[in-house]
Amino acid sequence: MTKNISAKSVVVIDFETTGLSPKLGDRVIEVGAVIIENNVIKNRFESLINPGFKISQFIQGFTGITNIMLKTAPNKERVMKDFSKFLKNNNIVAHNASFDKRFLDAEFKKLGLSYTGEFACTMLAARRLYPFSINHKLETILDYLKIKKTKQFHRALADAEMAARLWIHMIKDVEKKHNYREISFHLMQKLCKINKRETHNFLRKHFECCND
DNA sequence: TGCCAGGCCCTCTTTAGGGCCTT
């Protein structure tokens, strides 16, 4: 069965959570996502989620999301169902995608939801393309590339939007540097998976030889 | 009892260890 995945649109997602591990009981408390079509941000999705318990002072301070805000937030069933519709069958991008994938898989599994898109990671791609940045945190790499930042950090939609700007910047950068007409999602995905030693040859051979 | 993520990457590696990145 062929997947009906758009080659030109991706969804960039970001979760704010109660901690680092769904296996240790951590939960998503905010979902943010944007759809990129033809390198332009089109639609946005944003919602808080009531996790059903009080979150720590650390997370309240880190995200600015408070227990008062979450008290009246919708439950995960409603939000994740809507989010599933927003994802459709698009491929998915996130900064340090393994983190967001872990939470998406955990939340969807509990609710019997699924997605068909594949993941790519802005952090791994940025490590390959910009090895001289002092680190590859989202904020740092945006500064390094002089990409305009949103006013907030550590809020889901703001972070998703900035990761989307980074994704678009990287695609345009590769297209420009390598005289490439249209970088596909899967080529960017491959870039995320190669190791440091292979990067030079990958960019030189694979990108340029696939330009038609 | 005490501790507790996990996937990826790099190198003083591969029979391992530690840093990065996400909340």
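Hydrogens, waters and symmetry mates play no part in the numbers below; they use all other heavy atoms, side chains included. The chains referred to below are lettered A, B, ... by the order of the sequence lines, with proteins before strands, and numbering in each begins at 1.
- One P atom belongs to B:dC12, the other to B:dG19, and the distance between them is 14 Å to the nearest Å.
- Applying the salt bridge (Lys or Arg N to Asp or Glu O under 4.0 Å) rule to A:Lys101 yields the partners A:Asp105; only residues at least two apart in sequence or on another chain are considered.
- With a heavy-atom cut-off of 4.0 Å to chain A, the contacted part of DNA chain B has its first and last nucleotide at B:dA5 to B:dT23.
- A donor-acceptor pair under 3.5 Å is formed between the side chain of A:Thr63 and the backbone N or O of A:Ile59.
- A:Ile194 comes within 4.0 angstrom of the backbone, heavy atoms only, and of no base.
- Spacing of C1' atoms, B:dT23 relative to B:dG7, comes out at 16 Å, to the nearest Å.
- Nucleotides B:dT1 and B:dT14 have their C1' atoms positioned 34 Å apart, rounded to a whole Å.
- Atom name C1', nucleotides B:dT13 and B:dG18: the rounded distance is 12 Å, in whole Å.
- Across all strands shown, A:Ile29 has no heavy atoms under 4.0 Å from either base or sugar-phosphate atoms.
- Between the side chain of A:Thr66 and the backbone N or O of A:Met69, at least one donor-acceptor pair lies under 3.5 Å.
- Cluster note: A:Ile49 groups with A:Val11, A:Ile13, A:Phe15, A:Leu20, A:Val28, A:Val31, A:Ile35, A:Phe45, A:Val79, A:Met80, A:Phe83, A:Phe86, A:Leu87, A:Ile92, A:Phe99, A:Phe103, A:Leu104, A:Phe108, A:Leu111, A:Leu113, A:Tyr115, A:Phe119 through ILVMFWY side-chain heavy atoms spaced under 4.5 Å, whether in direct contact or through intervening members.
- If you check every strand for non-hydrogen atoms under 4.0 Å, A:Asn135 touches sugar and phosphate atoms only.
- Here A:Asp100 lies out of heavy-atom contact (under 4.0 Å) with every strand.
- The side-chain hydrogen bond (donor to acceptor under 3.5 Å, both in side chains) test with A:Arg155 singles out one residue from A:Glu30, A:Glu161, A:Glu46, and that residue is A:Glu30.
- The residue A:Arg128 sits close only to the backbone: its heavy atoms come under 4.0 Å of sugar-phosphate atoms, none of a base.
- With hydrogens and angles ignored, the 3.5 Å screen pairs no side-chain donor or acceptor of A:Asn39 with any backbone N or O of A:Lys172.
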